[in-house]
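A short write-up of the structure that comes next.
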Amino acid sequence: VQEVLPPSLDSTSEPPTLFDGTTRLYINYQCPFAQRVWITRNVKGLQDKIELVPIDLQNRPAWYKEKVYPQNKVPSLEHDNKVIGESLDLIKYVDSNFEGPSLLPDDPEKQKYAEELIAYSDTFLKEVYTSFKGDVEKQAGPQFDYLETALDKFDDGPFFLGQFSQVDIAYAPFVERFQIFLQEVFKYDITSGRPKLAKWIEEVDKLDGYKQTKVDPQKVVDLYKSRFLA
Ligand code: GSH
């Protein structure tokens, strides 16, 4: 069954009853960082354990910064009488502190590679965002080549570490947006000449826990145009 997604809370909304024992994941439906943690929650089957609280970032409720998360960003997670943030930390936190399938393989070599790939994701997204104002082929191209090479490393499944893991989650929201925007605006197909990346996107797309988190393509195009090309 498809989860019914709650409406976004804006400046007119009341805050939830904080620290009442409910675990809450504060997100925004368009935010790729929040999407990472949302996917983690879904693929671990935690829909009943972690409540989604979507925030309207354009018309933000004052209580979010004042009472929930002083950094005033999404995602954040309210759990065990504390609120923590930072999407990469939260992927790990949710994976290790909640039930559901582990999102890291047991193999230490793969775990080590996972750390390297997850750490690289910041560089990856910064380089691609920067390319929108420069030479896409020259600047973003090598970033997608990096993914293609990484996907070839173990060659025992469509995902970075064979099985679906934290690494796929770190990259999926950004690859989703970059594919849309680069195709639409620059006519640049990120999968062309990159069969592993093409297959990876196809396989990630099949996951129910991911499907529902996908962003409206038109919103990506509009947002990125106004942010990077205006
Ligand atoms: N490094 C943070 C993470 O990985 O969680 C970035 C989170 C972030 O930048 N979120 C954006 C946000 O909340 C939305 S996509 N922006 C609001 C603001 O900066 O005021």
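Whatever order the structure lists ligands and atoms in, that order sets their numbers, starting from 1. Residue numbers run from 1 in the order of the sequence given.
Taking any N or O of Arg36, backbone or side chain, none lies under 3.5 Å from an N or O belonging to ligand 1. Geometrically, ligand 1 and Lys73 share no nitrogen or oxygen pair separated by less than 3.5 Å.
Residue-ligand proximity: Pro75 is placed with a non-hydrogen atom under 4.0 Å from ligand 1.
Linking ILVMFWY residues whenever their side-chain heavy atoms come closer than 4.5 Å, directly or via other members, places Phe174 and Val128 in the same cluster. Note on Ile27 and Val43: separate hydrophobic clusters, where clusters join Ile, Leu, Val, Met, Phe, Trp and Tyr whose side-chain heavy atoms are under 4.5 Å apart, directly or indirectly.
For Lys153 and Tyr113, the positive end sits near the middle of the six-membered ring, less than 6.0 Å away and at most 45° from its axis.
Atom 8 (C) of ligand 1 has its closest protein heavy atom at Val74 O, 3.6 Å. Counting only heavy atoms of the protein, atom 2 (C) of ligand 1 lies nearest to Glu86 OE1, 3.3 Å. Ranking the protein heavy atoms by distance from atom 5 (O) of ligand 1 puts Ser87 N, 2.9 Å first.
Salt-bridge formation is detected for the pair Asp95/Lys44: a Lys NZ or Arg NE/NH1/NH2 atom is positioned less than 4.0 Å from an Asp or Glu carboxylate oxygen. A salt bridge between Lys219 and Asp222 is absent, with no side-chain N of the basic residue lying under 4.0 Å from a carboxylate O of the acidic one. A salt bridge links Asp145 with Arg194: the closest approach of a Lys/Arg side-chain nitrogen to an acidic carboxylate oxygen falls below 4.0 angstrom.
At a heavy-atom distance under 4.0 Å, only side-chain atoms of Leu57, from C-beta outward, approach ligand 1.
Contact atoms of ligand 1 toward Cys31: 10 (N), 14 (C), 15 (S) (distance under 4.0 Å to a heavy atom of the residue). Close approach of ligand 1 to Arg60 (heavy-atom distance below 4.0 Å) involves ligand atoms 17 (C), 18 (C), 20 (O).
Here the side chains of Val83 and Tyr26 are not in contact, with every heavy-atom distance at 4.5 Å or above.
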